[in-house]
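Report on the structure given below.
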Amino acid sequence: MTGASSGIGYALAAELADQGFDLLVAAENEEITRTPARLERPGAQVTAIQVDLTVPKEVDAFAERIMTLNRPVAVLAINAGVGVSGGFVQDTSLKDQLAVVDLNVRSAVHLAKLIVPDMVDRSQGRVLFTSSIAATAPAPFQAVYHASKAFLQYFAQGLREELKGTGVTVTAAMPGPTETRFFERAGMTDTKLGAGPKDDAAEVAKEVVQALLAGKDHVVTGSLRNKAQAVVGHLLPDRMLTAIQRRVSAPGTAKK
Ligand SMILES: NC(=O)c1ccc[n+]([C@@H]2O[C@H](COP(=O)([O-])OP(=O)(O)OC[C@H]3O[C@@H](n4cnc5c(N)ncnc54)[C@H](OP(=O)(O)O)[C@@H]3O)[C@@H](O)[C@H]2O)c1
């Protein structure tokens with residue numbers, strides 16, 4: 001489980017621990033080393049690894065650690081992700097935008113490529129990608145983040161079809177706005193989206209784990225608004241979707 005130190009990843013890890021899974025939890029900062037104490041349950045062993053997944057060498061070392069445990073991976077949850085809010089040209093740095101690509105896109109492909117083959121060899125496993133409702137619409141001022149989630153969504157669904165009949169399923173989780181550190185970290189608190197109502201991470205995790213263990217292709221979690229957004233995303237042309245998104249994703253819209 002990547003990105004398990006907080007938010008949706010922590011809630012997913014707690015849900016899986018409740019169900020008796022042993023866990024290997026990973027995140028970038030030192031806080032992850034304190035996560036096992038918060039997650040331990042009778043019958044669920046929790047190990048933490050501190051890893052910066054934006055660094056390819058660290059992804060290799062992380063996968064190596066997983067494989068040398070010599071325990072079959074029942075669930076691979078690729079969840080860690082960050083966003084960046086603001087004008088692509090004037091407000092954001094190249095470093096921050098590339099970190100979104102490196103974490104949300106490149107490390108997801110890298111980790112899947114290193115871990116999924118063993119699951120296929122064993123004809124067993126569940127793979128989860130935390131995509132987002134953001135995958136259903138391009139968004140100005142979060143153009144790279146939404147594109148990263150669209151990538152993950154297509155990657156998950158393509159891989160799922162490819163693995164049909166192997167015993168390994170792939171599920172894309174599509175949460176809507178959820179109460180986590182995400183918005184503050186992405187610099188989104190001055191947007192309508194960042195300041196608006198949010199779903200509870202524990203509730204989101206329950207829905208996701210249920211869909212994951214049932215081998216569903218995707219799950220749109222939380223409120224009816226999210227489910228409606230997923231449908232609208234398939235119906236409207238991109239130029240209309242982006243105009244709608246602008247009203248909630250542009251800096252300063254929180255006050256309007
Ligand atoms: N919150 C929402 O509304 C929402 C909606 C849809 C989808 N999502 C997706 O849900 C996922 C989890 O986000 P969240 O909302 O739970 O936010 P969060 O509370 O900020 O959690 C992000 C997690 O990712 C980890 N992470 C960040 N950079 C990393 C790196 N370089 N290497 C390894 N781990 C790293 C963080 O660990 P550190 O703190 O140690 O860096 C943390 O555990 C993301 O993929 C996000 O895009 C969120």
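One-based numbering, in listed order, for ligands and for the atoms of each. What's counted below: heavy atoms across the whole structure, side chains too, no hydrogens, waters or symmetry copies.
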Original post:
Against heavy atoms of A4, which atoms of ligand 1 measure under 4.0 Å?
Top reply: 43 (O)
Original post:
What is the closest protein heavy atom to atom 15 (O) of ligand 1, and at what distance does it sit?
Top reply: T180 OG1, 2.6 Å
Subject >> Identity and distance of the protein heavy atom lying nearest atom 27 (C) of ligand 1 >> reply: R185 NH2, 3.5 Å
Original post:
What's the shortest heavy-atom distance between D96 and V84, and which atoms?
Top reply: O-CG2, 3.6 Å
Original post:
Nearest protein heavy atom to atom 7 (C) of ligand 1, by residue and atom, and its distance?
Top reply: S131 O, 3.3 Å
Original post:
Which pair of heavy atoms, one from R65 and one from T47, lies closest together, and at what distance?
Top reply: NH2-CG2, 4.3 Å
**OP:** Give the numbers and elements of all ligand 1 atoms closer than 4.0 Å to a heavy atom of N29.
**Re:** 38 (P), 39 (O), 40 (O), 41 (O)
**OP:** Answer with side chain, backbone, both or neither: which part of A201 has a heavy atom less than 4.0 angstrom from an atom of ligand 1?
**Re:** neither
**OP:** Decide whether an N or O pair under 3.5 Å exists between A27 and ligand 1.
**Re:** no
Original post:
Does at least one non-hydrogen atom of G176 fall below 4.0 angstrom from an atom of ligand 1?
Top reply: yes
Subject >> Proximity of Y145 to ligand 1 by residue part, where a heavy atom lies under 4.0 Å >> reply: side chain
Original post:
Where do A250 and T191 come nearest, in terms of heavy atoms and distance?
Top reply: O-CG2, 3.8 Å
Original post:
Under the 6.0 Å and 45° cation-pi test, does K198 pair with F183?
Top reply: yes
**OP:** Just need the protein heavy atom nearest to atom 13 (O) of ligand 1, so name the residue and atom and give the distance.
**Re:** G81 O, 4.3 Å
Subject >> L103, portion touching ligand 1 at heavy-atom distance under 4.0 Å >> reply: side chain
Original post:
Below 3.5 angstrom, do we get any N/O pair linking L53 and ligand 1?
Top reply: yes
Subject >> Identity and separation of the nearest protein heavy atom to atom 25 (C) of ligand 1 >> reply: G3 CA, 3.7 Å
Original post:
How far is atom 19 (O) of ligand 1 from its nearest protein heavy atom, and which residue and atom name does that atom have?
Top reply: S6 OG, 2.8 Å
**OP:** Tell me which one of I8, T221, T178 gets a heavy atom nearest to atom 48 (C) of ligand 1.
**Re:** I8
Subject >> Those atoms of ligand 1 less than 4.0 Å from some heavy atom in V82 >> reply: 27 (C), 28 (N)
Original post:
What part of N79, side chain from CB on, backbone N/CA/C/O, both or neither, has a heavy atom under 4.0 Å from ligand 1?
Top reply: both
**OP:** Determine the minimum heavy-atom distance between P36 and A48, stating which atoms define it.
**Re:** CG-CB, 3.6 Å
Subject >> Salt-bridge present (R181, E184; N to O < 4.0 Å) >> reply: no
Original post:
Judged by atom type as modelled, is there a donor-acceptor pair below 3.5 Å linking the side chain of R122 to the main-chain atoms of V73?
Top reply: yes
Subject >> For V51, atoms of ligand 1 separated by under 4.0 Å from a heavy atom >> reply: 32 (N), 33 (C)
**OP:** Return yes when T2 approaches ligand 1 closer than 4.0 angstrom through a heavy atom, no otherwise.
**Re:** no
**OP:** For the pair T189 (side chain) and G187 (backbone), establish whether a donor and an acceptor sit closer than 3.5 Å, ignoring hydrogens and angles.
**Re:** no
Subject >> Atom indices of ligand 1 within 4.0 angstrom of G7 heavy atoms, with elements >> reply: 16 (O), 19 (O)
**OP:** Identify, by atom number and element, the atoms of ligand 1 in contact range of D52, meaning under 4.0 Å from any of its heavy atoms.
**Re:** 30 (C), 31 (N), 32 (N)
Original post:
Counting only N and O atoms by type, is there a donor-acceptor contact under 3.5 Å from the side chain of R126 to the main-chain atoms of A74?
Top reply: no
Original post:
Does some non-hydrogen atom of F183 fall short of 4.0 Å from ligand 1?
Top reply: yes
Subject >> Contact partition for A99 relative to ligand 1, non-hydrogen atoms under 4.0 Å >> reply: neither
Original post:
Polar-atom distance check: K149 versus ligand 1, any N or O pair below 3.5 Å?
Top reply: yes
